[in-house]
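Structure first, commentary second.
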Amino acid sequence: MARIIDGKAVAAEIKASVREKAEDFEKANGRKPGLAVVKAGNDPASAIYVRNKIKACEACNIASYSYYFDENVTYAQLAELIDALNSDGTVDGILVQLPLPRGIDERKVLSLIAPEKDADGFHAVNAGKLFLGERGTVACTPRGIMELIRSTGVSIAGKRAVVIGRSNIVGKPVAQLLLAADATVTVCHSKTENLAEITRVADILVAAVGRKKFVTADMVKPGAIVIDVGMNRDDEGLFGDVDFDNVKDVAGYITPVPGGVGPMTIAMLLSNTVESAI
């Protein structure tokens, strides 16, 4: 039976550290670290995420600034705001909540954010620094995944790691982070042949494919660390990419959904913001 990796508990520890750093920053600089959140459109999930981020900022002594546009927002309007935020000395981190309304080029908008204020770690400059092994802002979810793996106490160095999914937001950056931690990394995707044969040798398995209960017990090496990044919602509720009920009988460690990777994403966003301020 796998040990459950409690993302809420790990996130709480990180938030406590972030709050301490933010309070020290305020004492030294006369202001709190600042995070600006830009939301456009009427996506209900985005609205919930933004509210959660604002509450988390308040709890961690971070000033939050929110900017809202409707679905008719133009690229020029977003560009004007981001340019102003880049020049604002009270703003240390900028986050553009995705998805943006149809017709807006998300990559183009994200590229407008000054790399040093890129709280989400999505800017091409920061992605490039990660690839080159240089210091930069790391995308929140991949950074949180690494903290969850480390929380098990199992050394990553020398382990075989398999990442299912090759997105720019999770799959690719977490593969780079695992490689930097001296794991031997394989990235699998929709064109991968004999997937189960590959995943069964993984000491660390990260599932970020976006398909409900995609990873089954027969795909998991006994004793493996299994990190479930999936958030799949249907009429039956919220499910991860991993068949949790069955995989937990095989794995050594496993993250639940909810309560695993999700809380870590916001915790690392706050950490990125304070680190940008410092």
Main-chain N/O of [Y] paired with [X] side-chain donor or acceptor, under 3.5 Å:
X	Y	result
Glu80	Gln77	no
Thr199	Met219	yes
Asp88	Thr90	yes
Asp105	Tyr75	no
Lys117	Val91	yes

For a 4.5 angstrom cut-off between non-hydrogen side-chain atoms, does Leu95 reach Val38? no
Tell me whether [X] at atom [atom1] has more than 12 heavy atoms from other residues, nucleotides or ligands lying less than 6.0 Å away.
X	atom1	answer
Glu20	CD	no
Tyr49	OH	no
Phe131	CZ	no
Arg160	CZ	no
Glu193	CD	no

Working to the nearest 0.5 Å, report the span between CD1 of Ile48 and CG of Asp43.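 Rounded to the nearest 0.5 Å, the CD1-CG separation comes to 9.0 Å.
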Between Ser271 and Glu275, a side-chain donor and acceptor under 3.5 Å: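 Glu275 and Ser271 do have a side-chain donor-acceptor pair below 3.5 Å.
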Residue pair Asp243 / Asn246, side-chain donor-acceptor N/O under 3.5 Å: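 Result is yes, a qualifying pair exists.
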Compute both the distance and the angle, then confirm whether Lys32 meets the cation-pi test with Phe25: under 6.0 Å from the six-membered ring centre, within 45 degrees of the axis. no
Is any NZ, NE, NH1 or NH2 atom of the basic residue among [X] and [Y] found under 4.0 Å from an Asp or Glu carboxylate oxygen of the other?
X	Y	answer
Arg31	Asp92	yes
Glu23	Arg19	yes
Arg51	Glu58	no

For Lys212, run the side chain to side chain donor-acceptor pair (under 3.5 Å) check against Asp234, Asp241, Asn232 and tell me which one passes.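 Checked Asp234, Asp241, Asn232 against Lys212; only one passes side chain to side chain donor-acceptor pair (under 3.5 Å): Asp234.
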Indicate if Met231 and Ile227 have the same hydrophobic cluster label, given that clusters are the connected sets of ILVMFWY residues with side-chain heavy-atom separations under 4.5 angstrom.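 No, separate clusters.
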Are Val206 and Val226 connected in the hydrophobic side-chain network, where two residues link if heavy atoms are under 4.5 Å apart?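 Not linked; separate clusters.
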